[in-house]
Amino acid sequence: LADQGDVLHPNDLDILCGSGKSVSNHPGNKRFRAIVAKHYDTYASTTTKKEKMKVTQDVMEAIYSSGSSQEQETPRFLKKDPIFEKFYIAKNRVGRDKVSHCLREIKIQRVRCA
């Protein structure tokens with residue numbers, strides 16, 4: 001699985017893929033959810049798959065451009081290899097899927113609260 005390079009220690013900008021409190025409470029994941037939430041209203045107003053894909057791409061660009069300019073760090077989507085217990089950099093598709101899933105989850109949460 002670790003075909004794109006092992007990561008010894010995720011930094012605070014990294015977005016961890018997976019579930020559980022440690023993933024949810026990671027600083028990069030909190031930042032990720034805040035960025036996605038800022039784009040939700042645009043997403044909610046879309047009617048076509050093409051429009052939804054454009055919003056997802058806009059979110060991805062916002063995530064990558066929100067890195068630390070002083071340290072030249074860029075956020076990365078990381079997955080954990082279940083066998084070797086190491087994080088590795090996930091493919092771009094994984095990041096897009098995570099953004100799309102988060103946008104859909106916001107919609108579900110807002111419907112439940114209404």
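Here, residue 1 is the first one in the sequence, and each next residue gets the next number. What you see below is based on every heavy atom in this structure, not just the backbone, and it leaves out hydrogens, waters and symmetry mates. Small disclaimer: the values here were computed from a predicted structure and weren't measured.
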Inset, instruction - With sequence neighbours excluded, give me every salt bridge (Lys or Arg N to Asp or Glu O under 4.0 Å) pair touching residues 30-46. - result: Asp41-Arg110
Inset, instruction - Among Phe32, Phe87, Phe77, find the one that has a side chain to side chain contact (heavy atoms under 4.5 Å, CB included) with Leu16. - result: Phe87
Legend entry - Hydrophobic cluster identity match, Ile63 and Val94, side-chain contacts under 4.5 Å: no
Legend entry - Contact list for residues 7-19, test salt bridge (Lys or Arg N to Asp or Glu O under 4.0 Å), sequence neighbours left out: Asp14-Arg76
Legend entry - Residues forming a side chain to side chain contact (heavy atoms under 4.5 Å, CB included) with Lys54, sequence neighbours excluded: Asp58
Inset, instruction - Determine yes or no for a side-chain-to-main-chain donor-acceptor pair under 3.5 angstrom, with Ser100 supplying the side chain and Asp97 the backbone. - result: no
Inset, instruction - Could you tell me which non-hydrogen atom of Tyr88 sits nearest to which non-hydrogen atom of Lys80, and how far apart they are? - result: CE2-C, 4.2 Å
Legend entry - Under 3.5 Å: donor-acceptor pair, side chain of Asn29, backbone of Ser24: no
Inset, instruction - Give a yes or no answer on whether the side chain of Glu51 reaches the backbone of Thr47 with a donor-acceptor pair at less than 3.5 Å. - result: yes
Inset, instruction - Could you tell me whether the side chain of Thr46 reaches within less than 4.5 Å of the side chain of Val55, counting heavy atoms only? - result: yes
Legend entry - Hydrophobic cluster identity match, Ile35 and Tyr64, side-chain contacts under 4.5 Å: yes
Inset, instruction - Taking His26 for its side chain and Ser22 for its backbone only, find out whether a donor-acceptor pair lies under 3.5 Å. - result: no
Inset, instruction - Would you name the heavy atoms of Ile106 and Ala37 that are closest together and state the gap between them? - result: CD1-CA, 3.9 Å
Inset, instruction - Output the distance between atom CG (Leu103) and atom NZ (Lys98), rounded to the nearest 0.5 Å. - result: 12.0 Å
Legend entry - Nearest non-hydrogen partners of Arg96 and Thr56, listed with the distance: O-CG2, 3.7 Å
Inset, instruction - Starting at CG of Leu13, measure out to OG1 of Thr74 and round the result to the nearest 0.5 Å. - result: 8.5 Å
